[in-house]
**Student:** 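Sharing a structure with you now.
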Amino acid sequence: MIYDTIDRLDIYSASIPDLEPVISELTKLDLDTVSDGTYYTSQRHIKYMVQSYQTVAQKDYEIHKKFIDIQMVISGREYIDCAAYTGNYPESFNESTDFGALSAEKQLRAALERGVFALVFPGEPHCPGLSVTGASESARKIVFKLPWPAES
């Protein structure tokens, strides 16, 4: 996982070429008025979702095989927990949605609030949307999905 501020996202584009369309999209978006939904950047293989939700005290971890997640909170705050890569995917992994739910042991916790991002690679178990206070709180987030390895 990479955890950093959004204004530094471009320093990772040498290693992750698909960050350029993400950065371009972020410069055009008004994050305060964009509606919840699924969208695509100018590069149609890169999509993003804008989501409003309630944080929770605990839930299963998630894991992906084909896509990098770039998670950024628009409003509110949350924790995202991460566990070490094990190479193990649950039997119930859904190939068509690139999603699996599993149990994992927290090894890292990062606080997401406006202005920071968490970039999670395929194979890294992560648990976003966790409450900072232990009580449910309203939050809003944008999640970019980048194919990995990057499409050429």
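Start at 1 with the first residue, then count along the sequence.
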**Student:** Does a side-chain heavy-atom distance below 4.5 Å link Leu119 with Ile16?
**Tutor:**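 Leu119 reaches Ile16 side chain to side chain.
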
**Student:** Which atom names give the shortest non-hydrogen contact between Lys59 and Pro128, and what distance separates them?
**Tutor:**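 Result for this residue pair: CE-O, 2.6 Å.
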
**Student:** List the residues meeting side chain to side chain contact (heavy atoms under 4.5 Å, CB included) with Ser42, not counting sequence neighbours, and say none if there are none.
**Tutor:**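 With sequence neighbours excluded, Ser42 shows a side chain to side chain contact (heavy atoms under 4.5 Å, CB included) to no residue whatsoever.
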
**Student:** What closest approach, in Å, do Leu130 and Thr55 show between heavy atoms, and which atom pair accounts for it?
**Tutor:**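 Looking at all heavy atoms of both residues, the closest pair is C-CB, 3.9 Å.
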
**Student:** Under the salt bridge (charged side-chain N to carboxylate O under 4.0 Å, His left out) rule, collect the residues that match up with Asp32, sequence neighbours excluded.
**Tutor:**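 For Asp32 the salt bridge (charged side-chain N to carboxylate O under 4.0 Å, His left out) partners, ignoring immediate neighbours, are Arg114.
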
**Student:** According to side chain to side chain contact (heavy atoms under 4.5 Å, CB included), who are the partners of Gln43, at least two apart in sequence or on a separate chain?
**Tutor:**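 Per chain and number, Gln43 pairs via side chain to side chain contact (heavy atoms under 4.5 Å, CB included) with Pro21, Thr41, His45, Ile46.
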
**Student:** Taking C-beta and beyond as the side chain, do Pro122 and Ile68 meet within less than 4.5 Å on heavy atoms?
**Tutor:**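 Yes; the side chains approach each other to less than 4.5 Å.
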
**Student:** Once ring-ring contact (aromatic ring centres under 6.0 Å, His included) is applied, do any residues pair with Phe117, and if so which ones, sequence neighbours excluded?
**Tutor:**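 With neighbours one apart ignored, the set is empty.
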
**Student:** Who passes ring-ring contact (aromatic ring centres under 6.0 Å, His included) against Tyr39, sequence neighbours left out?
**Tutor:**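 Tyr39 satisfies ring-ring contact (aromatic ring centres under 6.0 Å, His included) with Tyr48 once adjacent residues are dropped.
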
**Student:** Could you state the interatomic distance from OG (Ser92) to CG (Leu102), rounded to the nearest 0.5 Å?
**Tutor:**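 Separation between the atoms: 8.5 Å.
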
**Student:** By ring-ring contact (aromatic ring centres under 6.0 Å, His included), which residues pair with Phe121, not counting sequence neighbours?
**Tutor:**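 Expected list: Trp148.
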
**Student:** Applying side chain to side chain contact (heavy atoms under 4.5 Å, CB included), run through Ser138 and Gln54 and close with a yes or a no.
**Tutor:** CA-CA 5 Å; Ser138 295; Gln54 294 293 122; 2.7 Å; yes

**Student:** Using a 4.5 Å cut-off on heavy atoms from C-beta on, say whether the side chain of Leu31 contacts that of Met72.
**Tutor:**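 Answer no - side chains too far apart.
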
**Student:** If you look only at pairs with a residue in residues 86-116, which of them pass as a ring-ring contact (aromatic ring centres under 6.0 Å, His included), with sequence neighbours excluded?
**Tutor:**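 Residue pairs with at least one partner in residues 86-116: Tyr89-Phe93.
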
**Student:** Without swapping roles, check the side chain of Asp81 against the backbone of Cys127 for a donor-acceptor pair under 3.5 Å.
**Tutor:**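 No; zero donor-acceptor contacts below 3.5 Å.
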
**Student:** Connecting only ILVMFWY residues whose side-chain heavy atoms lie within less than 4.5 Å of each other, what is the rest of Val73's hydrophobic cluster?
**Tutor:**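 Direct or chained contacts put Val73 with Met1, Tyr3, Tyr53, Ile80, Leu108, Leu112, Val116, Val120.
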
**Student:** Quick one: do Leu146 and Met49 end up in the same hydrophobic cluster if we chain Ile, Leu, Val, Met, Phe, Trp and Tyr together by side-chain heavy atoms under 4.5 Å apart?
**Tutor:**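 No; tracing contacts between hydrophobic side chains, which count when under 4.5 Å, never links both residues.
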
**Student:** Taking atom types as modelled, is there a side-chain donor on Glu78 or Ser131 under 3.5 Å from an acceptor on the other?
**Tutor:**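 Per modelled atom types, Glu78 and Ser131 side chains form no pair under 3.5 Å.
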
**Student:** On a heavy-atom basis, which atom in Ile23 and which in Asp10 lie closest, and how many Å separate them?
**Tutor:**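 It is CD1-CA, 3.5 Å.
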
**Student:** I need the minimum non-hydrogen distance between Ala57 and Gly134, along with the two atoms involved.
**Tutor:**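 Closest approach of Ala57 to Gly134: CB-O, 3.9 Å.
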
**Student:** First locate atom SG of Cys82, then atom NE2 of His126, and finally report the distance between them rounded to the nearest 0.5 Å.
**Tutor:**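 Rounded to the nearest 0.5 Å, the SG-NE2 separation comes to 7.5 Å.
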
**Student:** Quick check: closest heavy atoms across Ala104 and Pro125, and the distance to 0.1 Å?
**Tutor:**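 So the two residues come closest at CB-CB, 4.2 Å.
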
**Student:** Apply the test side chain to side chain contact (heavy atoms under 4.5 Å, CB included) to residues Leu26 and Leu9: give CA-CA distance (whole Å), side-chain angles for both, the deciding distance (0.1 Å), then the verdict.
**Tutor:** CA-CA 11 Å; Leu26 284 170; Leu9 188 60; 4.1 Å; yes

**Student:** List the residues meeting salt bridge (charged side-chain N to carboxylate O under 4.0 Å, His left out) with Glu137, not counting sequence neighbours, and say none if there are none.
**Tutor:**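 Applying salt bridge (charged side-chain N to carboxylate O under 4.0 Å, His left out) to Glu137 gives Arg77.
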
**Student:** Run the salt bridge (charged side-chain N to carboxylate O under 4.0 Å, His left out) test against Glu95 and tell me which residues pass, sequence neighbours left out.
**Tutor:**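 Result, salt bridge (charged side-chain N to carboxylate O under 4.0 Å, His left out) vs Glu95: Lys65.
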
**Student:** Are Val50 and Leu29 close enough that some pair of their side-chain heavy atoms sits under 4.5 Å apart?
**Tutor:**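 With C-beta onward as the side chain, the pair stays apart.
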
**Student:** Kindly write out the residues that satisfy side chain to side chain contact (heavy atoms under 4.5 Å, CB included) with Phe67, not counting sequence neighbours, or none if the list is empty.
**Tutor:**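 For Phe67 the side chain to side chain contact (heavy atoms under 4.5 Å, CB included) partners, ignoring immediate neighbours, are Asp98, Lys145, Pro147.
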
**Student:** Report the residues that fulfil salt bridge (charged side-chain N to carboxylate O under 4.0 Å, His left out) with Asp4, sequence neighbours left out, ordered by chain and then residue number.
**Tutor:**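 Result, salt bridge (charged side-chain N to carboxylate O under 4.0 Å, His left out) vs Asp4: Arg8.
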
**Student:** Which pair of heavy atoms, one from Glu105 and one from Ala83, lies closest together, and at what distance?
**Tutor:**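 So the minimum-distance heavy-atom pair works out to O-CB, 3.3 Å.
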
**Student:** Find out if a path of hydrophobic residues (ILVMFWY) with successive side-chain heavy-atom gaps under 4.5 Å connects Ile11 to Ile6.
**Tutor:**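 Yes, same cluster.
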
**Student:** Rounded to the nearest 0.5 Å, how far apart are OG1 of Thr97 and NZ of Lys66?
**Tutor:**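 One finds 9.0 Å between OG1 of Thr97 and NZ of Lys66.
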
**Student:** Nearest 0.5 Å, what's the CD1-CD1 distance between Ile70 and Ile2?
**Tutor:**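 Between Ile70 CD1 and Ile2 CD1, I get 8.5 Å after rounding to 0.5 Å.
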
